[in-house]
Colleague: 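Quick one: the structure is below, questions incoming.
Because only heavy atoms are used, hydrogens play no part in the values below, and waters and symmetry mates are left out as well, while side chains stay in.
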2 protein chains.
Amino acid sequence: MTARRPTIDDVARLSGVARTTVSRVLNDGPNVRDEVRARVMEAVRALDYKVNPQARSLAGGGSRLLGLVFASDLESEPNSFYHSALELGALRGCLELGYQLVTRHIPLQSADREQQVYDLIATQRCEGLIFTPPYSDDAGLIAEVLRRGCKVVSISPGGAGRGLADGVGMDDEAGGYDIARRLIELGHRRFAFMGGIEGHLSADRRLDGLMRALSEAGLGDADLIQVRGDFTFRSGVELTPRLLDDPLHPTALVCANDDMAAGALSVVHGRGVKVPQDLSVTGFDDTPVSAIVWPPLTTVHQPLKDMGRRAVALLASRLTGGRAEAEPEFDCLDHAVVERGTAASAP
Amino acid sequence: MTARRPTIDDVARLSGVARTTVSRVLNDGPNVRDEVRARVMEAVRALDYKVNPQARSLAGGGSRLLGLVFASDLESEPNSFYHSALELGALRGCLELGYQLVTRHIPLQSADREQQVYDLIATQRCEGLIFTPPYSDDAGLIAEVLRRGCKVVSISPGGAGRGLADGVGMDDEAGGYDIARRLIELGHRRFAFMGGIEGHLSADRRLDGLMRALSEAGLGDADLIQVRGDFTFRSGVELTPRLLDDPLHPTALVCANDDMAAGALSVVHGRGVKVPQDLSVTGFDDTPVSAIVWPPLTTVHQPLKDMGRRAVALLASRLTGGRAEAEPEFDCLDHAVVERGTAASAP
DNA sequence: TCGTGAATTGGAAGCGCTTCCAACAAAGGC
DNA sequence: GCCTTTGTTGGAAGCGCTTCCAATTCACGA
């Protein structure tokens, strides 16, 4: 039982065509009769054949190098889960598909940030770049990168990034809707929303979803107060008092990410308010933070690892597949409300 | 400027030897004169040559597959930073070195857990396995895996795992010592320690370091109270009251990981105790948790990503390098006390 | 001096794949 | 009906490396 893995030649032999033809089928190449294509795919299935990414990349030429670009400053967020999870997913994808990955943190404040991106293409020879927010909405940058022949995938693009290049993300509006819907089911009628920084589109869409759920339930602006934080625990701490002291007396506090929700929770505890009996609090993203607060946070799961992996897959299909010049595509991954301990019936 | 990367043939040409000989030098092979070896290395440096991992793995044969084994149950910790960081590092290493990685979570409670590990070797054809705690101290398992011809690296082995196979980790004893030392410098004399589950060797060593620092400062058992948690936020919450109410009235609380420290912090806030003015609290590991509590946690940085990467490098050197049959080696990475906001002068 | 074995080096095949180019077949154009 | 065009398929080279095996060199004892 040597159990050698089948090679492309095995597939060729079984389906009675040349190796070249199999390769063509595998890479979505043109000029293959449907009948032949089907026969080859059949053989692939029968043998459970998987291409050897090492061999493919050796033969294929090109740098096979992708870049993952973050806007954050590593100094200030050395161990962020958001970055880790996205990179983890991207790396998994690269390993599967035979690509290399370089990860670059380019702070928004860098004067030469655009140049740093172009260097990734010119010097490092990246064939594709993955942009995270807010780069993923920088239309000028994306257009220029594309013009230089480098493929692009935007992570969670909100507006501008959407039509320019491929994208992956979740449906933020639906996520906001779902969590609000759940709270409404639990009887809540007075809401507070803690948003993110101005211009962070995907967070804004979470609010849109919340509003839609409210209006469906016959509620309106008068039943919601909102503030903007900056996604940090700290800002959650600072903004929560304003919400608690508002004459509206909200019974549910929806936060645009987990960190702010954790901050809110700590303030709420300090005031002797019981969660979830007196107040429901929800987060967004389902990072490990949601497990280390008490009670554990009810939140919306954002599939970061899958997003990283899908981003690589999209880039790969642009680079070798038949999608080289296809229309930009948005890959919307499933989210889910994760019920833990911070949301309950309205008091 | 085509800037094609130099190949092994370029090196061979420049150093005036055959390609074969270069390969031999690169792989620490035997039977190369020192003079020739030096000449080749010189050429490598001159050309800034880097082996192409894809080509190497293609030619080298073998599965080039490594396995990363966790003991945790994915259901209960779907998004742990510990796992993500370790896997992230391992993936980076794999990409550099041309290996593939499979990650497997095998709960300790599984009746057939050993069988699942052996399947990784027999069915998946892993050539090397990375064991995380507590598998990294399971001498029987490690010995059997080695007997089957599969290489092993233990992450943070405490005792049994240490001499059997290669290992990577940090010096937990020194980490415990350093943080305690810092607190002593700040004038603290009465300590509390929140440890981990029985048998988790690396956490126990953190306590050893703490004790050493205490005794160096002329303090002893009477100046320390300790409890055992299970590394969760929850256990931090539950155990802290016992510590605060102890007649010793500790002024510094050292926790064996960040999650428990976060739990402690939340209880402490609730009681109106000021951190760090009234009480200093420290964590361990420097996970993202340390940034989302308030004040941000002073902790000891554990280089998880580097550990993952080094584990892969060790495996690679066993598999292709000259270390095939060498004595087990322990790769001890640097830790560092990260001063944030929860440690200050004793009241 | 010659033979022998060990140490050292080189030649060449081939890992699994892509891709260039040639070959061939079918389909139109005159 | 013949030539060109277009579509489809196969042959073969070669990506950068490892490794088997043969060739060469060297040291040493007979």
Side-chain angles (χ1 to χ4, degrees), chain A residues 2 4-40 43-44 47 49-65 96-100 127 316 319-322 324, chain B residues 2 4-40 43-44 47 49-65 96-100 127 316 319-322 324:
Chain A
T2 2
R4 195 181 51 84
R5 280 182 48 175
T7 74
I8 193 172
D9 286 319
D10 296 324
V11 176
R13 209 169 308 122
L14 182 60
S15 49
V17 301
R19 183 202 301 180
T20 314
T21 302
V22 177
S23 173
R24 223 171 258 127
V25 171
L26 261 25
N27 292 295
D28 278 330
N31 300 340
V32 182
R33 272 184 307 153
D34 288 347
E35 187 258 316
V36 173
R37 189 182 297 274
R39 193 141 42 88
V40 170
V44 166
L47 294 170
Y49 168 79
K50 302 264 186 302
V51 295
N52 178 331
Q54 337 263 9
R56 169 178 276 181
S57 71
L58 220 209
S63 68
R64 289 241 150 198
L65 184 65
E96 273 172 18
L97 268 21
Y99 283 84
Q100 296 282 356
E127 300 180 313
L319 289 168
T320 73
Chain B
T2 3
R4 194 181 52 85
R5 281 183 48 176
T7 74
I8 194 173
D9 285 321
D10 296 324
V11 176
R13 209 168 307 122
L14 182 60
S15 49
V17 300
R19 183 201 299 180
T20 315
T21 303
V22 177
S23 173
R24 226 171 256 127
V25 171
L26 262 24
N27 292 294
D28 277 329
N31 300 342
V32 183
R33 270 184 309 151
D34 286 348
E35 188 258 319
V36 173
R37 187 182 299 273
R39 192 141 43 89
V40 170
V44 166
L47 294 170
Y49 168 79
K50 302 264 187 301
V51 296
N52 178 330
Q54 338 263 11
R56 171 178 274 181
S57 74
L58 220 209
S63 68
R64 288 242 151 198
L65 184 65
E96 273 172 17
L97 268 21
Y99 283 83
Q100 296 281 354
E127 300 180 313
L319 290 168
T320 73

Colleague: Does B/Thr21 reach the side chain of B/Arg24, with side-chain heavy atoms less than 4.5 Å apart?
Modeller: yes
Colleague: Testing the basics here: between B/Tyr49 and B/Leu26, what is the closest heavy-atom pair and its distance to 0.1 Å?
Modeller: CE2-CD2, 3.6 Å
Colleague: How long is the line joining CD1 of B/Ile8 and C1' of D/dG16, in whole Å?
Modeller: 8 Å
Colleague: Hey, is the main chain of B/Ser15 close enough, under 3.5 Å, to the side chain of B/Arg39 for a donor-acceptor pair?
Modeller: yes
Colleague: B/Thr21 has a side chain; which of D/dT18, C/dT9, C/dG16 sits nearest to it?
Modeller: C/dT9
Colleague: Check the distance between D/dG14's C1' and B/Leu58's CG and give it to me in whole angstrom.
Modeller: 12 Å
Colleague: Using whole Å, report how far CD of A/Gln54 lies from C1' of C/dC15.
Modeller: 11 Å
Colleague: Any idea which of D/dT18, D/dG7, C/dG16 is nearest the B/Ser23 side chain?
Modeller: D/dT18
Colleague: Let me know the distance between CZ of B/Arg56 and C1' of D/dT18, rounded to the nearest Å.
Modeller: 9 Å
Colleague: With nearest nucleotide decided by heavy atoms, which residue, B/Arg39 or B/Ala55, maps closer to the 5′ end of DNA chain C?
Modeller: B/Arg39
Colleague: Output the single nucleotide from D/dT8, D/dT18, C/dG16 whose closest atom is nearest the side chain of B/Asn27.
Modeller: D/dT18
Colleague: Looking at every heavy atom in both B/Val36 and B/Val17, which two are closest together, and how far apart are they?
Modeller: CG1-CG1, 4.0 Å
Colleague: In B/S/- notation, 5' to 3', how is nucleotides 20-28 of chain D contacted by protein heavy atoms closer than 4.0 Å?
Modeller: B--------
Colleague: For A/Ile8, run the side-chain contact (heavy atoms from CB on, under 4.5 Å) check against A/Thr20, A/Asn52, A/Val22, A/Val51 and tell me which one passes.
Modeller: A/Val22
Colleague: Using atom CG of B/Leu26 as one end and atom P of D/dT18 as the other, report the distance to the nearest whole Å.
Modeller: 6 Å
Colleague: To the nearest 0.5 Å, what is the distance between OG on A/Ser57 and CD on B/Gln54?
Modeller: 3.0 Å
Colleague: Counting only N and O atoms by type, is there a donor-acceptor contact under 3.5 Å from the side chain of B/Arg5 to the main-chain atoms of B/Lys50?
Modeller: yes
Colleague: Give one of base, sugar-phosphate or nothing for A/Asn52, where a contact means two heavy atoms less than 4.0 Å apart.
Modeller: sugar-phosphate
Colleague: Could you work out which one of D/dT9, C/dC15, C/dT9 sits closest to the side chain of A/Asn31?
Modeller: D/dT9
Colleague: Nearest whole Å is fine: how far is C/dC15 P from B/Arg64 CZ?
Modeller: 17 Å
Colleague: Roughly how many Å is it from CD in A/Glu127 to P in C/dT18, rounded to a whole number?
Modeller: 14 Å
Colleague: Between B/Asp9 (CG) and D/dT18 (P), how many Å, whole number?
Modeller: 11 Å
